[in-house]
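Taking it in order: structure first as structure tokens, then the write-up.
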Amino acid sequence: MLEYTAIVAVVAIGISGYVGFLVGQFGIDLPAWMLGAPGTGDGHVVDVFAIVLCLLTAFVLTRGIRSAARFEFVAVGIKVLLVVLIVVLGVFHINSANYAPYFPFGFGGVMTGAATVFFAVFGYDAMSTAAEESTDARKHMPKAILLSLGIAMVLYVLATLVLTGMQKYTDIDPASGFSSAFASVGLGGVANVIAIGAIIGIVTVLVTFMLGASRVWFSMSRDGLMPKWFAKTDPKRHVPTRVTWILGIASAVLAGVLPIGIVAELTNIGILLAFVVVCSAVIVLRYRQPGLDRQFRLPFMPVVPAIGVIASLWLVTFLQWETWVRFAVWFAIGLGVYFGYSRKHSKLAAEQH
């Protein structure tokens, strides 16, 4: 759950950068203390925009799953159109000289970058947490995950090629990369449209991950791994409002006071090692419990999960040592909760014994 919450914080910080860009375009001069976490700029104390975004996302999710789904549908449509706009217009402003050198930090730099932004593909895992609230998830969920992964991969690669072609990688603004790139080539109006679209579109990521975190927490509480108090749902909208607000506040704190780099790396090491556990469990369960009812078919067993284990462990090795220390503390706390409470109260564990 912590990795979901941390991703919400990372994304909120990213949206905050575009909000700051848009505010600056309209000539509004905001005090530096509210524009970022400590260490992200001169005079920065707290990222107010990121905090507000996290709390608003929690509010949307407490309105019910149908309201959240309708918002997601519209916002994702805007996001896809925005990426297409970026690619179609930006391709005419590419300067091939900006691609040299194409690998400025070598292959190791590429892998470090992949390990640092790995959370960008974690949304497909988050989709699975909504299976209970989906119609015929067994049939539609695998197709939806694979299809969305393919579409997102193509759009992601095209957009980044355009961005690094429009501006030298050393000149890209990490807070509002695409808007700043278009502004640098004299397309200020387009830059503003991109900023507005990015704010609306990227909010869908906030909704997806906070939804995933709340449903994971709810399922754990329903089983007894966490106290039953967290499994309480709203009598009218039938959503776990308690955990949703807790996650909203927790992500707001992370987004408001921590630099994006620290949160991103902590998120990624948790996700990658979780993938190692999941892929390993698929192999173990296939041989230890071959008769277990399986909702989804996995081709090329055990090759596919084995590749997942190896690839995830390889990426983890490219993260900073400080990230390992933070993860060790996080992992120790999780083990303490499990052995101190969860193991004794889990209904599933009791049934298996």
Side-chain angles (χ1 to χ4, degrees), residues 7 10-11 13-15 17-19 21-22 72-107 109-127 143-209 260 264 268 271 311 315 318:
I7 291 177
V10 170
V11 177
I13 295 171
I15 301 175
Y18 278 100
V19 174
F21 172 86
L22 199 59
E72 284 271 274
F73 179 79
V74 175
V76 167
I78 294 174
K79 180 166 57 177
V80 172
L81 290 175
L82 176 66
V83 176
V84 172
L85 174 68
I86 289 172
V87 173
V88 172
L89 294 182
V91 72
F92 295 104
H93 297 275
I94 290 178
N95 179 3
S96 59
N98 290 331
Y99 290 131
Y102 196 71
F103 294 105
F105 302 104
F107 184 71
V110 173
M111 299 312 300
T112 300
T116 304
V117 300
F118 187 80
F119 66 86
V121 300
F122 194 48
Y124 309 106
D125 177 87
M127 289 174 63
K143 294 179 181 178
I145 292 175
L146 291 174
L147 184 61
S148 59
L149 177 60
I151 294 173
M153 180 181 67
V154 172
L155 293 177
Y156 189 92
V157 171
L158 290 176
T160 50
L161 283 173
V162 167
L163 175 61
T164 52
M166 292 179 67
Q167 272 193 316
K168 191 72 173 179
Y169 73 94
T170 53
D171 298 328
I172 294 175
D173 185 351
S176 54
F178 288 105
S179 291
S180 299
F182 276 87
S184 70
V185 296
L187 297 177
V190 176
N192 292 339
V193 172
I194 290 174
I196 295 172
I199 293 168
I200 296 173
I202 305 177
V203 165
T204 62
V205 183
L206 291 179
V207 174
T208 298
F209 281 109
I260 188 171
N268 289 324
I271 294 171
L315 284 175
F318 290 92

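What you see is a predicted model; the values in this text were computed from it and never measured.
- Atom NZ of Lys168 and atom OG of Ser184 lie 14.0 Å apart (nearest 0.5 Å).
- At a threshold of 4.5 Å between non-hydrogen side-chain atoms, the residues Ile151 and Val80 do not count as touching.
- Within the 4.5 Å cutoff, no side-chain heavy atoms of Asn98 are placed close to those of Thr164.
- Heavy atoms only, all atoms of each residue included: Ser179 and Ala195 are closest at OG-N, 3.3 Å.
- How far CD1 of Ile172 is from CZ of Phe178: 8.0 Å, rounded to the nearest 0.5 Å.
- For the pair Leu89/Phe182, a side-chain contact is recorded, criterion being any heavy-atom separation below 4.5 Å from C-beta on.
- Rounding to the nearest 0.5 angstrom, the gap separating the CG atom in Asp173 from the CG atom in Leu163 is 10.5 Å.
- Considering all non-hydrogen atoms of both residues, Ala191 and Ala183 come closest at CB-N, 3.9 Å.
- For the pair Tyr99/Leu161, a side-chain contact is recorded, criterion being any heavy-atom separation below 4.5 Å from C-beta on.
- Atoms CD1 and CD1, from Ile86 and Ile194 in turn, are 4.5 Å apart once rounded to the nearest 0.5 Å.
- Nearest heavy atom pair, residue Val91 against residue Val162, reads N-CG1, 4.2 Å.
- Of the possible donor and acceptor atoms, none in the side chain of Ser180 sits under 3.5 Å from a partner among the backbone N and O of Gly177.
- A donor-acceptor pair is defined here as one N or O able to donate and one able to accept, closer than 3.5 Å; no such pair exists between the side chain of Tyr169 and the backbone of Pro101.
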